[in-house]
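First comes the structure, then the notes that go with it.
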Protein chains: 2
Amino acid sequence: MSDKARLIDIARALNISTTTVSRALNNKSDINAKTKEAVLHLAKQLDYQPNKLAISLRKKMSFKSIGVILPNVGHYFFSTVLKGIMRNAHLNNHLVIVGESAESNSQEQKLVEEFVNYGVNGILIAPGRESKNEDITALLESKRTPYVLMDRIFPNYTGNYVLSDDFKGAEIATTHLIENGKRRIAHIGSLHNCSVGYQRFSGYLSALDNNGISKDDSIIRECLTTKMEEGYKATQELLALENPPDAIFTVTDDVAAGVLDYCHRHQIEVPKQLAVVGYSNSELSSIIKPKLTTIEQKGERMGELAFDFFFASYKDKETIHQKTFESKLIVRESSVSIK
Amino acid sequence: MSDKARLIDIARALNISTTTVSRALNNKSDINAKTKEAVLHLAKQLDYQPNKLAISLRKKMSFKSIGVILPNVGHYFFSTVLKGIMRNAHLNNHLVIVGESAESNSQEQKLVEEFVNYGVNGILIAPGRESKNEDITALLESKRTPYVLMDRIFPNYTGNYVLSDDFKGAEIATTHLIENGKRRIAHIGSLHNCSVGYQRFSGYLSALDNNGISKDDSIIRECLTTKMEEGYKATQELLALENPPDAIFTVTDDVAAGVLDYCHRHQIEVPKQLAVVGYSNSELSSIIKPKLTTIEQKGERMGELAFDFFFASYKDKETIHQKTFESKLIVRESSVSIK
DNA sequence: TCTGATACCGAAAACCTTTACGGAAGCAGA
DNA sequence: TCTGCTTCCGTAAAGGTTTTCGGTATCAGA
């Protein structure tokens with residue numbers, strides 16, 4: 001009972017060979033019913049668990065696998081990324097092992113370490129807000145495990161990645177508002193926390209600049225969780241200003257949903273009084289009333305490509321693969337009045 | 001180049017021992033720089049890939065893992081189930097390998113086979129619409145792999161499962177409508193395709209029966225995809241009837257979203273003219289206008305328990321574990337007028 | 001008594017790698 | 001010359017299982 005029982009432990013106890021034990025356990029022919037029963041009995045008693053590694057080794061199996069680390073599997077965008085990854089992984093006979101970092105740095109490192117130790121052929125990771133370049137990539141480099149960053153990226157990172165052009169997406173979104181006559185455009189976002197939030201904020205600023213609108217800090221709100229409630233609260237504050245905004249660009253569709261919720265409850269006409277543009281083209285954006293203008297993010301396609309990049313760099317570690325997906329504006333009801 | 005290169009192939013070619021090759025590859029000390037370089041060079045040339053199995057075996061590592069098979073990872077409910085599974089799996093040091101069946105029977109079987117061959121310690125599966133009891137469970141039984149069914153279940157199934165009480169949930173939902181004065185209640189659902197849909201349909205019928213309302217086939221609509229568009233179309237048809245319904249209970253929140261969309265576009269007052277109740281308490285239900293009355297489904301909790309059941313049955317295969325989660329009504333705006 | 005079939009079992013190789021241990025060679029210092 | 005240290009390398013065992021090949025025993029039939 002002490003340590004893990006092996007085939008030979010059973011064999012010795014019963015004075016038979018490991019061959020026979022193996023035969024009994026895998027109910028093959030060429031074995032006496034009594035012997036078999038004895039083996040089965042003892043195996044259960046010793047809580048015998050076959051060693052998968054040994055079996056696979058002997059059977060000449062080989063398994064290719066990739067580890068996927070996501071901040072939040074329940075999040076719509078990431079779940080579509082996962083979907084894309086899985087499609088191409090299965091097409092190429094790779095198992096997909098998934099871990100959730102919950103945006104935590106330590107959890108992320110633990111997963112990377114675990115996956116590497118396990119021996120995955122590669123790692124596809126969407127870094128959490130907290131995570132730092134050195135912590136993650138250094139470990140991966142040292143273990144010589146190919147990896148691809150997804151969605152978020154580190155400042156001086158030069159390796160493989162797939163991401164969407166958040167800067168340009170935000171620029172397009174904001175410009176869209178300006179082109180529709182809005183001049184006082186607020187932003188609710190996560191400015192400093194993660195690269196994605198920062199990129200969108202920067203794109204927003206760029207669009208203002210391009211159109212000769214000066215930045216006004218009073219209508220720029222930081223939100224930490226990018227949830228609906230934050231959008232609601234921020235809108236409340238923004239509309240209470242002496243000089244309230246006539247449009248809001250939010251870092252996320254969820255936040256935009258909060259904005260729209262506030263407007264709905266307080267009879268604020270969207271888009272006439274307040275135009276709203278979100279980000280992600282998540283499911284809710286076409287369900288919410290009014291339907292949300294937003295920026296499309298091709299999660300599934302990104303996942304597919306992330307796998308392809310890993311696969312390519314698996315064969316040729318020298319060349320690096322990088323792709324920034326263009327961002328597309330999807331105009332719905334929340335930003336322009338129906339003609 | 002023919003077959004997979006091994007340590008000994010490199011060793012023989014260079015007239016050295018496998019020990020030295022191993023040393024070179026894992027850059028240990030005790031090795032001459034020239035030798036090391038030669039090994040590295042040849043290894044690259046032969047495209048040497050170390051055998052993970054052999055390494056792990058030798059290093060006495062052991063990995064516990066579970067395979068999770070879901071019809072659709074991108075679906076909100078399933079992604080929360082996955083979240084729950086992963087939490088408890090990581091807590092108990094199990095890797096989580098995920099596969100998507102896309103509701104396809106063959107894909108499901110392929111995944112089961114793959115996972116079993118791989119040697120997962122257990123399988124957690126949410127069967128797709130198509131899947132049949134025999135196909136799946138027989139295989140699992142034969143391989144002696146513990147498994148637990150999630151969300152959906154087979155007619156004469158007697159093994160481990162976690163699911164939500166769809167029958168009672170639908171009954172509660174329908175009764176709620178009746179209690180609020182509705183008498184002509186339609187149903188849009190997937191009646192025959194999957195157990196879940198059938199259960200909800202049955203619960204709906206039961207509630208009608210309990211309240212002395214006779215079933216009317218003309219206001220029962222079958223939808224195949226449970227997507228928003230189906231809800232929209234079905235509503236259009238239902239409301240065009242001579243004797244249109246005054247309430248609709250849908251199999252899914254998504255379908256309900258379609259109903260609400262139709263109402264919104266055609267100025268039908270919800271809930272006054274038409275009350276709506278969905279199913280799942282998905283994210284959209286609290287975002288949509290009017291907010292959707294629905295039945296709560298605790299995906300995350302279900303996932304957690306599914307893992308726990310597997311874990312328990314791993315140690316004791318005799319006793320079976322079954323849990324049906326109670327269904328809770330969440331009343332929002334779509335079914336009762338705000339008081 | 002011999003032949004052949006059948007039922008059961010075991011020795012050893014194979015799967016591929018790492019590692020404990022020891023050995024040889026070279027060189028410096030005494 | 002001897003001792004001791006360093007540098008490099010190899011032998012063999014170990015990790016746990018499956019499988020090939022063959023062996024013994026028993027019994028029926030001739």
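In the text below, chain A, chain B and the rest are named by the order of the sequence lines, each starting its count at 1.
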Atom of A:Q322, atom of A:I320 and distance for their closest heavy-atom approach: NE2-CD1, 3.8 Å

DNA chain C-proximal residues of residues 20-28 of chain B, any heavy atom under 4.0 Å: B:S22, B:N26, B:K28

Charged N-O contact under 4.0 Å between A:E113 and A:K110: no

Touch class at under 4.0 angstrom, heavy-atom based, for A:S56 against every strand present: nothing

B:E37/B:K44 under salt bridge (Lys or Arg N to Asp or Glu O under 4.0 Å): CA gap, chis, key distance, verdict: CA-CA 11 Å; B:E37 198 189 358; B:K44 171 161 289 184; over 6 Å; no

Of residues 7-15 of chain A, the positions that come close to DNA chain C - non-hydrogen atoms, cut-off under 4.0 Å: A:N15

Distance (rounded to the nearest 0.5 Å) between B:N15 CG and B:R12 CZ: 11.0 Å

For nucleotides 13-15 of chain D, tabulate all protein N/O to nucleotide N/O atom pairs closer than 3.5 Å, reporting atom names and distance.
unit_1	atom_1	unit_2	atom_2	d
D:dA14	N3	B:R58	NH1	3.3
D:dG15	N2	B:A54	O	3.4

With B:T20 via side-chain hydrogen bond (donor to acceptor under 3.5 Å, both in side chains) - residues at least two apart: B:S17

Distance in angstrom units between A:M61 CE and C:dC16 P, rounded: 14 Å

Contact list (N/O, under 3.5 angstrom) for nucleotides 23-27 of chain C vs protein:
none

Distance test, side-chain N/O of A:Y48 to OP1/OP2 of D:dT17, below 4.0 Å: yes

Atom pair distance, as rounded to whole Å: CD1 in B:I16 and C1' in C:dT17: 15 Å

Atom-pair distance (CG on A:N32; P on C:dT6), nearest Å: 18 Å

Listed nucleotide nearest any side-chain atom of A:T19, set D:dC9, C:dT19, C:dA11: C:dA11

Side-chain donor-acceptor pair present, B:Q45, B:D47, cut-off under 3.5 Å: no

B:E300 versus B:T80, side-chain donor and acceptor atoms under 3.5 Å: no

A:F311 CZ to A:L91 CG distance, which is reported to the nearest 0.5 Å: 10.0 Å

Integer-rounded Å distance: C:dC15 C1' and A:K52 NZ: 18 Å

Carboxylate-amine/guanidinium proximity below 4.0 Å for A:K64 and B:E114: no

Minimum heavy-atom distance between B:S101 and B:E108, given as atom pair plus value: OG-OE2, 3.9 Å

Sugar-phosphate only, base, or nothing, as touched by B:S29 at under 4.0 Å among non-hydrogen atoms: nothing

Partner set under ring-ring contact (aromatic ring centres under 6.0 Å, His included) for A:F309, not counting sequence neighbours: A:H321

A:R301, A:K323, A:Q297 screened by side chain to side chain donor-acceptor pair (under 3.5 Å) with A:S164, the one that passes: A:Q297

Polar side chain donor-acceptor pair, A:N121 to B:K52, under 3.5 angstrom: yes

Protein-nucleotide distance (A:D30, atom CG; C:dA7, atom C1'), rounded to Å: 7 Å

Minimum heavy-atom distance between B:M61 and A:L53, given as atom pair plus value: O-CD2, 3.2 Å

